[in-house]
Protein chains: 4
Amino acid sequence: MLAAARRVFERDGFLDARITDISAEANMAHGTFYKYFDSKEQVFMEVIERSQEELFAERPSRQSAAETPFERILETNRAYYEAYRRNRALNKVLEAVATFDDTLRQQRVVIRRRYVDRTEKAIRRWQAEGLASPHLDPHYAASSLGSMVDRTIYVWLVLGEDHDPDVGLDTLSRLWVRALGLPEPDPVPPRRKRRRST
Amino acid sequence: MLAAARRVFERDGFLDARITDISAEANMAHGTFYKYFDSKEQVFMEVIERSQEELFAERPSRQSAAETPFERILETNRAYYEAYRRNRALNKVLEAVATFDDTLRQQRVVIRRRYVDRTEKAIRRWQAEGLASPHLDPHYAASSLGSMVDRTIYVWLVLGEDHDPDVGLDTLSRLWVRALGLPEPDPVPPRRKRRRST
Amino acid sequence: MLAAARRVFERDGFLDARITDISAEANMAHGTFYKYFDSKEQVFMEVIERSQEELFAERPSRQSAAETPFERILETNRAYYEAYRRNRALNKVLEAVATFDDTLRQQRVVIRRRYVDRTEKAIRRWQAEGLASPHLDPHYAASSLGSMVDRTIYVWLVLGEDHDPDVGLDTLSRLWVRALGLPEPDPVPPRRKRRRST
Amino acid sequence: MLAAARRVFERDGFLDARITDISAEANMAHGTFYKYFDSKEQVFMEVIERSQEELFAERPSRQSAAETPFERILETNRAYYEAYRRNRALNKVLEAVATFDDTLRQQRVVIRRRYVDRTEKAIRRWQAEGLASPHLDPHYAASSLGSMVDRTIYVWLVLGEDHDPDVGLDTLSRLWVRALGLPEPDPVPPRRKRRRST
DNA sequence: TATGAATGAGTCTTCATTCAT
DNA sequence: TATGAATGAAGACTCATTCAT
């Protein structure tokens with residue numbers, strides 16, 4: 001039933017999803033829906049939760065070989081990109097619902113704050129170590145760089161902007177470290193930039 | 001009537017706005033609505049259009065004293081911030097509708113592309129002049145930096161994240177130029193960083 | 001519409017009345033119902049109110065020739081009986097709804113209290129004048145006699161107990177005055193007691 | 001199960017009682033309900049029947065010391081009051097259901113008739129003995145006095161009218177005998193009339 | 001005998017849209 | 001051009017009842 005709901009949300013979006021469709025997708029009578037959920041809002045929340053859980057569950061051993069900050073950033077961005085891509089259809093709906101549902105918006109603000117706080121601390125550390133520019137406000141820098149990654153990937157995967165993930169993520173990560181003043185790696189070997197459609 | 005529609009959209013959002021409310025706000029019978037518009041979608045489009053026109057209309061003479069790239073970037077970002085802020089309520093709705101209305105989404109993608117193309121050309125120019133790092137892909141850089149500005153301001157003004165616009169915009173613009181390798185200005189004089197709520 | 005609602009309530013009772021039926025009875029689409037009323041509860045209240053208003057409106061000049069307490073009581077009881085009878089079908093529904101709707105129950109308790117208070121005062125007056133037995137508690141007497149009249153007429157008109165209203169009301173009123181000790185009139189001339197069905 | 005049903009009816013009333021709740025209250029699956037009963041109506045009837053049986057079962061030896069009609073009436077009324085009070089919650093529901101369920105209404109009409117008939121005979125006897133006024137119609141008198149007792153106790157116990165049962169029942173019984181002309185006992189010794197809430 | 005998942009009839013309610021005046 | 005009563009499609013939700021296990 002949860003799986004059916006997810007399929008319908010992915011297919012029709014939140015607003016156009018009807019209880020009847022979800023039930024039908026699960027080969028159930030619509031009354032059955034109410035045995036498991038109270039409303040469309042609730043089932044959506046559960047679908048989202050379940051999706052998050054799966055995401056965390058599959059997160060592999062973190063024993064990465066990343067040595068430099070750039071490598072770690074690139075790796076993080078790529079992981080985010082991949083996770084987002086695997087749930088692209090659902091994420092699209094999620095972004096939409098978050099624009100008009102206060103509960104969900106609040107929830108996302110909290111998640112965002114967590115990410116920003118963590119990044120802010122890292123920036124302070126780098127500044128203390130003389131790795132990052134001391135002229136940048138760590139909080140605003142963390143917030144804006146977070147937005148950059150977040151939105152860039154949204155534009156690629158939800159708005160469907162043409163892109164080659166390798167080049168795109170490399171550039172994105174370079175911008176990230178350069179903006180802070182962290183060391184940038186050697187240029188990537190020249191390659192034919194072939195953008196990839198979604 | 002158009003003004004009434006705008007007020008209602010700003011107050012209630014798109015989904016919760018009812019034709020009846022718009023008519024009432026305009027002191028009209030709701031039947032009259034259909035003399036002027038065909039549907040809620042259409043009137044929303046017109047409200048948006050009108051808003052854009054006003055935005056362009058008020059854009060003052062561009063005789064700016066900006067000399068350096070940083071100054072120009074900062075000025076542009078500030079102008080964008082101010083314009084966005086003046087129409088915050090409507091922009092919030094606009095972002096929401098764009099997540100589920102294809103026409104609107106398409107339209108925004110086009111606007112975005114224009115901005116990215118312009119920035120991309122500027123980056124190429126800077127690279128040619130030896131001002132910007134040659135190792136960055138101009139297209140992806142333009143796209144990601146655009147997303148950064150765009151989303152940061154959305155987070156501040158729509159999601160309501162605490163911020164001091166002076167510090168925030170300064171940091172945002174610094175990140176922008178630093179990411180490309182453009183010259184960064186001297187550090188801002190120390191100031192009490194007092195974040196401003198929206 | 002109100003008239004249609006009344007007909008449907010009278011015909012089907014409150015629980016079995018459907019919005020659709022009311023609308024159909026008024027030759028309207030069911031959506032139209034909501035232009036005038038918010039819910040079944042509300043329309044019922046309005047039907048009841050309207051009925052009460054009509055009742056008060058038709059109350060004729062009170063210039064009665066009643067001289068003795070008995071005559072006044074008899075006249076009052078008869079008037080109540082007639083009014084109740086004219087709205088019998090609606091009253092039946094009203095009694096039913098009052099058993100499960102708190103608003104309505106409260107309202108009826110208030111009306112009852114008003115009646116009891118008035119009667120209680122009359123009894124005190126009669127006691128002071130030496131007309132009524134001094135051994136009776138005026139409050140409880142008023143309450144119980146009120147219940148007697150009330151319920152007796154309900155039993156006749158709603159439960160449909162066979163009765164001849166002339167004999168019945170005469171007896172009822174005799175019991176009323178006798179219970180208090182007020183003077184009773186001469187016996188009614190012998191008549192064939194033919195009970196009347198409702 | 002029957003006990004559970006009774007508790008649920010008392011708590012929620014008939015209309016708001018759900019089969020599921022009854023089953024849950026009995027720690028049973030709701031499917032099991034249908035092993036024992038066919039419908040909500042039926043289980044309610046059984047609850048009522050059971051309640052009646054208990055009432056009769058507990059009726060103690062009638063060896064009362066009542067000598068005068070007044071004493072017998074008072075004793076009867078008090079017994080009725082007490083029985084009604086012990087089952088107040090259920091009686092409240094019973095009165096409600098009787099307003100819209102024909103079977104139940106019919107049943108109650110029958111019970112009422114039995115009571116009225118018995119009283120009617122008693123009145124005739126008293127009239128023959130010269131104890132009661134010959135000017136009263138025995139049938140209507142019995143009916144109305146029955147209604148008086150019935151309704152008064154309902155008003156006290158179900159509608160929750162403040163009352164002191166001693167004073168109230170004394171007054172009620174006095175009215176009863178006075179209305180018929182039966183001898184009334186000496187006045188009760190003066191007492192503080194303290195009304196008792198239900 | 002007990003279970004509880006599944007059913008689906010039955011109603012309410014909203015609101016964009018039409019149209020006679 | 002303005003009105004607002006009327007429309008009816010669309011969907012949510014409840015809960016008594018069935019039935020395979």
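The chains referred to below are lettered A, B, ... by the order of the sequence lines, with proteins before strands, and numbering in each begins at 1.
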Compare side-chain N and O positions of C:Y34 against OP1 and OP2 of E:dT13 and report whether any pair is under 4.0 Å apart. yes

Determine: side-chain N/O of D:Y36 to OP1/OP2 of E:dA2, distance under 4.0 Å, yes or no. yes

For DNA chain F, just give me the dot-bracket, please: Watson-Crick or G-U, both distances below 3.5 Å, ( ) intra-strand, [ ] crossing earlier pairs, | paired with another strand, . unpaired. .||||||||||||||||||||

With a cut-off of 6.0 Å (strictly less than), are more than 12 heavy atoms of other residues, nucleotides or ligands near CZ of D:R105? yes

Using modelled atom types only, decide if a donor and an acceptor are shared between the side chain of C:D38 and the backbone of C:Y34 within a distance under 3.5 Å. no

Is a donor on one side and an acceptor on the other found under 3.5 Å between the side chain of B:S23 and the backbone of B:I19? yes

Which of E:dT7, E:dT13, F:dA16 is nearest the side chain of C:S39? It is E:dT13

Taking the minimum atom-to-atom distance to the side chain of C:K35, which one of F:dT1, F:dA5, E:dC12 wins? F:dA5

May I ask you to decide whether B:R6 forms a salt bridge with B:E10, counting only side-chain N to carboxylate O separations under 4.0 Å? yes

Can D:E95 and D:R151 be counted as an ion pair, charged N to O under 4.0 angstrom? no

Can you check whether A:Y154 reaches A:Y84 side chain to side chain, under 4.5 Å on heavy atoms? yes

Should the side chain of C:H30 and the base of F:dA9 be counted as holding a donor-acceptor pair, with the cut-off at 3.5 Å? yes

Quick one: on DNA chain F, does C:T32 or A:D16 contact a more 5' nucleotide (nearest heavy atom)? C:T32

When all nucleic acid strands are considered with a 4.0 Å heavy-atom cut-off, which category describes D:D38: base, sugar-phosphate, or nothing? sugar-phosphate

Comparing nearest nucleotides in DNA chain E, the 5'-proximal residue of the pair C:E41, A:N27 is A:N27

Mapping D:F33 and A:M28 to their closest nucleotides on DNA chain E, which lands nearer the 5' end? D:F33

Using a heavy-atom distance cut-off of less than 4.0 Å, which residues of residues 3-12 of chain B contact DNA chain F? none

